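These figures come from a predicted structure and were not determined experimentally.
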Amino acid sequence: MRVTLCLTLLFWGGLVFSQQNYYFPERHNWEEKPAKEYGFDDTKLNEAIRFAQDNEYSGSRDLRIAILKGFEREPFHEILGPTKKRGGPAGLLLKNGYIVGKWGDTNRVDMTFSVTKSFLSTMAGLAVDQGLIHSTRDLVKDYIWDGTFGGPHNSKISWEHLLQQNSDWSGELWGGKDWADRPPREGSLDDWKFRKLNEPGTVMEYNDVRVNVLAYSLTHVLRKPLPMVLKEEIMDKIDASTTWRWHGYENAWTEIDGIQMKSVTGGGHSGGGIFINAEDMARFGLLFLNQGVWKKDRLISEQWIAKATTPSEPNPNYGYMWWLNTKGNRHWEGLSENLYYAAGFGGNFIVVDKENDLVVVTRWLEPSKIGTLMKMIDEALK
């Protein structure tokens, strides 16, 4: 009896010890605390913030121009969805949920490009948590039978392949052709169009057409527009503002249950994606920092977050549309290998650092500078 009691106390003691008590802000009310209360060196942290402000993304603030310039190599590339002129560098640093660092206009709504992919991945997580998708290893053709996953190649694609961007799905959606999206440096149009397809699960290729196929497929599984699902299941529950939007292309409509629904994009490659402010991005990051729980409400399962942040075989730095700081080509040396992040064109990032109880949101930072910024923040905490 005494042994059982001791084991029980050890179990609950360990559980309490392992859980971090974070602060969760109410809507329009986010408490700020001096960084030095949490062990930060003020001088070093201020240097990190100045670094973020001084290293603005070099592309045009007119994002329509930046997009067309950034993807000018792609044949047939055009703007198909909304765009918006951006603001200047902005960001927040959260420690235990409190704001301990802030710069720029954190309430300005801007495009967030491929950060949208991490939100899209979470929609898949909700579908799995709700039992609408039994397993990410399931073949998508068993859920989406309209021909999108027909043929000898596409029929072998699983949800996991789409989430890890290693499906090599072949086809056209909303006017976008898979082979014309980020084509190789070598070869020409015919080489790209008639290339040999890779076996699903073997080669990662960052490709927005295939990401949009995932968004289309999840819309049919959830039977609701994805912005509605995100609002009801996540954003309202984390007290996000009412200013964020999730857009698709002008022609991206599908019919479900007799209702016309917009199929949104997983990025802003051709316009669209999530338009959001830095504080709402930080709330989303804080939800993941606390393993899917907001206050006392579980919104996302721990099992899903574990899957989403597990390295894929073709790319150890990529999980389910989250970038991972594991050993690989995108490893930030000297920082936690358990750190993971959402990343988007133009230097938009949500970084989740569980070991240090940190969330970092930075916007319009020159993308090559993010590793340096994170090291500067890490040094300020040591």
- [ ] Evaluate whether atom NZ of K231 has more than 12 neighbouring non-hydrogen atoms of other residues, nucleotides or ligands under 6.0 angstrom away.
- [x] no
TODO: Could you tell me whether the side chains of Y23 and E31 share a donor-acceptor contact shorter than 3.5 Å?
DONE: no
TODO: State plainly whether one hydrophobic cluster holds both L381 and V352, where clusters connect Ile, Leu, Val, Met, Phe, Trp and Tyr through side-chain heavy atoms under 4.5 angstrom apart.
DONE: yes
Open item on the list: Distance to the ring centre below 6.0 angstrom and angle to the axis at most 45 degrees; does that hold for R195 and W179?
Closed with: no
Open item on the list: Would you compute the distance between atom NE2 of H161 and atom CE of M204 and round it to the nearest 0.5 angstrom?
Closed with: 13.5 Å
Open item on the list: Taking atom NZ as the centre, does K375 end up with more than 12 heavy-atom neighbours from other residues, nucleotides or ligands that are less than 6.0 angstrom away?
Closed with: yes
Open item on the list: If you compare all heavy atoms of I377 against all heavy atoms of A48, which two are closest, and at what distance to 0.1 Å?
Closed with: CG1-CB, 4.1 Å
- [ ] Grab the two heavy atoms, one from I274 and one from T116, that are nearest each other, plus how far apart they are.
- [x] N-OG1, 3.0 Å
Open item on the list: Tell me whether the count of non-hydrogen atoms from other residues, nucleotides or ligands lying under 6.0 Å of NZ in K295 goes above 12.
Closed with: yes
Task: E250 side chain reached by K262 side chain, heavy atoms, under 4.5 Å - done: no
Task: ring-ring contact (aromatic ring centres under 6.0 Å, His included) evaluation trace for W294 with F24 - done: CA-CA 7 Å; W294 190 268; F24 297 95; 4.9 Å; yes
- [ ] Establish whether L173 and W192 are linked, either directly or via other cluster members, by ILVMFWY side-chain heavy-atom contacts under 4.5 Å.
- [x] no
- [ ] May I ask you to check if R330 and W323 form a cation-pi contact, with NZ or CZ under 6.0 angstrom from the six-membered ring centre and within 45° of the axis?
- [x] yes
TODO: Would you sort out whether H269 and E74 count as a side chain to side chain donor-acceptor pair (under 3.5 Å), showing the intermediate values?
DONE: CA-CA 11 Å; H269 184 161; E74 297 184 7; 2.9 Å; yes
Open item on the list: Ring-plane angle category for F345 and F113, please: parallel below 30°, perpendicular beyond 60°, tilted otherwise.
Closed with: tilted
TODO: Treat each ILVMFWY residue as a node, draw an edge where side-chain heavy atoms are under 4.5 Å apart, and state whether F349 and M111 are in one component.
DONE: no
TODO: Over 60° means perpendicular and under 30° means parallel, so classify the ring planes of F71 and H77, tilted if in between.
DONE: tilted
Task: is_close_aromatic(F275, W246), centroid dist under 6.0 Å - done: no
Task: Any side-chain donor near an acceptor of the partner, N277 and E279, under 3.5 Å - done: no
Open item on the list: Measuring from atom CD of E160 to atom CG of L139, what distance do you get when rounded to the nearest 0.5 angstrom?
Closed with: 12.0 Å
Open item on the list: I'd like to know if E205 and R182 make a salt bridge, using a cut-off of under 4.0 Å between side-chain N and carboxylate O.
Closed with: no
- [ ] Rounded to the nearest 0.5 Å, what's the gap from CG on D236 to CZ on R27? Could you check?
- [x] 6.0 Å
Task: Spacing of CG belonging to D178 relative to CG belonging to D208, to within rounding of 0.5 Å - done: 12.5 Å
- [ ] Nearest 0.5 Å please: distance from the OG1 atom of T362 over to the CD atom of Q53.
- [x] 9.5 Å
Open item on the list: For a quick test of reading the model, state the closest non-hydrogen atom pair linking D168 to R210 and the distance between them.
Closed with: OD1-NH2, 3.0 Å
Task: Any donor-acceptor N or O pair under 3.5 Å, side chains S114, K117 - done: yes
TODO: State whether a side-chain donor-acceptor pair under 3.5 Å links D146 with Y216.
DONE: yes
Task: Atom pair CG/CG of L126 and L132 - distance to nearest 0.5 Å - done: 9.5 Å
TODO: Would you please say whether a donor-acceptor pair under 3.5 Å links the side chains of W169 and N207?
DONE: no
- [ ] Could you tell me whether the side chain of Y57 reaches within less than 4.5 Å of the side chain of N348, counting heavy atoms only?
- [x] no
- [ ] Look at atom NZ of K33 and say whether more than 12 heavy atoms of other residues, nucleotides or ligands are closer to it than 6.0 Å.
- [x] yes
TODO: Using the rule that two of Ile, Leu, Val, Met, Phe, Trp, Tyr join whenever any of their side-chain heavy atoms come within less than 4.5 Å, decide whether I276 and F288 are in one cluster.
DONE: yes
- [ ] May I ask you to check whether E366 and N55 show a side-chain donor-acceptor distance below 3.5 Å?
- [x] no
Open item on the list: Has R64 got a side-chain atom pairing as donor or acceptor with I79's backbone, closer than 3.5 angstrom?
Closed with: no
TODO: Determine whether P183 and P75 make a side-chain contact, defined as any pair of heavy atoms from C-beta on separated by less than 4.5 Å.
DONE: yes
Open item on the list: Could you check whether atom CD of E72 has more than 12 heavy atoms from other residues, nucleotides or ligands sitting under 6.0 Å from it?
Closed with: yes
Task: D110 bridged to R108 by N-O distance under 4.0 Å - done: yes
Task: Test side chain to side chain donor-acceptor pair (under 3.5 Å) applied to E355 and S336, step by step - done: CA-CA 7 Å; E355 288 186 13; S336 168; 3.2 Å; yes
TODO: Check whether any side-chain heavy atom of M321 lies under 4.5 Å from a side-chain heavy atom of Q164, and answer yes or no.
DONE: no
Task: Note, N315 side chain near Y206 side chain (heavy atom, < 4.5 Å) - done: no
Task: Side chain proximity check, D181 to K177, heavy atoms < 4.5 angstrom - done: no
Open item on the list: Quiz question: by atom type and distance under 3.5 Å, do the side chains of S188 and D191 form a donor-acceptor pair?
Closed with: yes
TODO: Could you go through the ring-ring contact (aromatic ring centres under 6.0 Å, His included) check for W304 and Y320 one step at a time?
DONE: CA-CA 10 Å; W304 177 259; Y320 285 178; 5.2 Å; yes
Task: Pair H220-T254, side chain to side chain donor-acceptor pair (under 3.5 Å): steps then yes or no - done: CA-CA 9 Å; H220 277 266; T254 187; 2.9 Å; yes
- [ ] Check the surroundings of atom CG in N29: do more than 12 heavy atoms from other residues, nucleotides or ligands lie under 6.0 Å from it?
- [x] yes
Open item on the list: Does the plane of the ring in F284 sit parallel, tilted or perpendicular to the ring in W322? Use 30° and 60° as the thresholds.
Closed with: parallel
Open item on the list: Counting C-beta onward and ignoring hydrogens, is there a side-chain heavy-atom pair between N317 and K327 closer than 4.5 Å?
Closed with: no
Task: Presence of salt bridge, E233 and K224, under 4.0 angstrom - done: no
Task: Nearest heavy atoms of D357 and Y22, plus distance in Å - done: OD1-OH, 2.5 Å
- [ ] Would you kindly confirm whether I256 and L218 end up in one hydrophobic cluster when ILVMFWY residues are joined by side chain heavy atoms under 4.5 Å apart?
- [x] no
Open item on the list: Testing the basics here: between P316 and G328, what is the closest heavy-atom pair and its distance to 0.1 Å?
Closed with: CG-CA, 4.4 Å
- [ ] Scan side-chain atoms only and decide if H247 and T265 contain a donor-acceptor pair under the 3.5 Å cut-off.
- [x] no
Open item on the list: Are R86 and R61 packed together at the side-chain level, in the sense that at least one heavy-atom pair is separated by less than 4.5 angstrom?
Closed with: yes
TODO: Report yes or no: do D138 and Y143 form a side-chain donor-acceptor pair below 3.5 Å?
DONE: yes
Task: Heavy-atom closest contact (D42 atom, A35 atom, distance) - done: OD1-CB, 4.1 Å
